[in-house]
Amino acid sequence: MDLRPRGLPRIGIVGGGQLAKMTAQAAHPLGCSVRVLERQPEFPADLCDTDTVLGDWDDPAVLGVLATDVDVVTLENELVDAGALEAVAARGALVLPSPATMHVTQDKLLQKRRLAAAGLPVPAFRDAPTRAALDAAAADLGLPVVVKRRRGGYDGRGNATARDAAGLDRAWERLGADARGLYVEVFVPFVAEAAAIVVRGRDGGVVSYPVVETVNADHVCREVVAPGRFDPALAARAADVARAAVAAVDGVGAFGVEMFVGRDGEVLVNELAPRVHNTGHYTIEGCTCSQFENHLRAVLGWPLGSTALRAPAAAMVNLLGAGPGTGEPHGLARALAVEGAHVHVYGKTRSERGRKMGHVTALGATPEAALATAREAAGRIRFGEAT
Ligand code: ADP
């Protein structure tokens, strides 16, 4: 028997990773309950008193089980098939972001075309459905280029940089040749990477968080500094671009917008993620209302909360697996001894090299002070054995 009080919202989330876990943590104080859909048992959100559906999220019947008796279905990844979401929506479920938004954003080529059509600045790009088309596009754009899978890439796994003809051969083979849809874009010699979380409500009302500086290595986010140490005019322009990008895909909910900053201060959109985002984890302790709570407010049709920073600056450092091992964090006690460091351990059962296992956030009087605290604590924790 279900003993939960009537009238309190229930959220269905496709995916049960750390993003679903942190969303569930934001849902509970609001009286909301959460059901997640995962493919296998043992996932981070399971640590958070969520209801679970196990199954394939691309199967409309399984998605239908997730959607039963929930107020809204949302997602923590962009991998789920938009057609399957559409099938569930057609049977009456409220799915946000909408299946149409998911269709455009989960295909990086369609997304870039949509952003370009809306007049937003993006790196020059071309479709590359065949090897000949890739060669022609590279000749047209000029080397180096970044070859990308249209769908299913994350943490750089669907990308390859090509600097010459041999590099194009390697990229074509590594990314799955014409069995996978590929496209290509110019390599942007950016001086910095920026990001902003934008949250749009069901009524089109919008809030955005500070434009942050992100540091990526091997295509994976390592550190985030809020606010980013940018010229104020540049930050304002980036915030406008980020909001316009989310409006261009008719987004509802939280979106992570990743941008490149060029030498002359130009801002280009790299990509937008139709979900809460790693570059917004600092908002849990760093902002009045976190990206997770604001995402829930948006998809439930509630008023959006303040995105103001609670301190002059905040910083986040990701805890990446050093190598294979259990999900046990070595050095946690030493990290907790760092005053002001907020440690998050996702609860994944296996560590792999480069896998996101947790993160640390710190606030500070300056970006440098916040970063120093977060780095100090993060440096004391290790997951897995270095290889
Ligand atoms: P994913 O979707 O796997 O996160 P992205 O396409 O966002 O991959 O790329 C990840 C990182 O790779 C970016 O943050 C950036 O550092 C680098 N990158 C991606 N595209 C380009 C590009 N066109 N020029 C230069 N660097 C790029």
Side-chain angles (χ1 to χ4, degrees), residues 15 17-19 75-80 102 104-116 120-128 134 137-138 140-164 167-168 171 174-176 180-197 211-225 228 238 241-242 245-246 249 255-263 266-281 316 318 320 352 354-356 359:
Q18 65 267 23
L19 301 181
L75 24 104
E76 66 137 26
N77 70 53
E78 55 277 29
L79 308 176
V80 51
M102 292 307 297
V104 172
T105 49
Q106 72 185 188
D107 180 328
K108 289 183 179 185
L109 179 62
L110 296 187
Q111 184 188 120
K112 283 249 152 59
R113 282 182 180 149
R114 174 71 68 90
L115 297 177
L120 289 162
V122 292
F125 64 95
R126 299 280 184 280
D127 193 6
L134 175 63
D140 196 15
L141 296 171
L143 291 164
V145 292
V146 183
V147 186
K148 298 190 178 185
R149 281 193 191 135
R150 291 175 59 171
R151 298 167 63 105
Y154 66 96
D155 290 347
R157 282 168 221 211
N159 292 357
T161 303
R163 300 183 181 282
D164 50 29
L168 287 173
R174 181 163 88 67
L175 297 179
R180 309 282 298 242
L182 303 183
Y183 81 105
V184 57
E185 56 188 46
V186 289
F187 180 89
V188 180
F190 55 80
V191 294
E193 291 192 75
I197 305 295
V211 173
V212 300
E213 219 175 304
T214 68
V215 178
N216 300 284
D218 299 331
H219 299 265
V220 180
C221 174
R222 302 292 161 116
E223 294 179 342
V224 170
V225 178
V241 165
V246 178
V249 299
F255 283 67
V257 185
E258 299 175 19
M259 293 165 279
F260 298 129
V261 178
R263 210 171 295 123
E266 66 276 21
V267 171
L268 297 173
V269 180
N270 171 27
E271 65 170 345
L272 46 105
R275 53 174 169 76
V276 286
H277 195 249
N278 195 178
T279 59
H281 291 357
M316 192 246 18
N318 270 337
L320 303 181
E352 299 296 342
R355 190 172 191 205
K356 290 174 181 166
H359 73 265

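When a ligand or atom number is given, it counts from 1 through the structure's own listing order.
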The side-chain contact (heavy atoms from CB on, under 4.5 Å) partners of L79 (sequence neighbours excluded) come to N77

Tested for side chain to side chain donor-acceptor pair (under 3.5 Å) against D107, the lone hit among R150, K112, R151, R113 is R150

Any non-hydrogen side-chain atom of V145 less than 4.5 Å from a side-chain atom of L168? yes

Given side chains that start at C-beta, do those of R275 and E76 come closer than 4.5 Å, heavy atoms only? no

To the nearest 0.5 Å, atom CZ of R222 lies from atom CG of N318 at 8.5 Å

Would you say E193 and N270 are linked by a side-chain donor-acceptor pair, where the criterion is simply a distance under 3.5 Å? no

Per the under 4.0 Å non-hydrogen criterion, ligand 1 touches K108, V146, K148, G153, Y154, D155, G156, N159, E185, V186, F187, V188, F190, E193, N216, H219, E258, F260, N270, E271

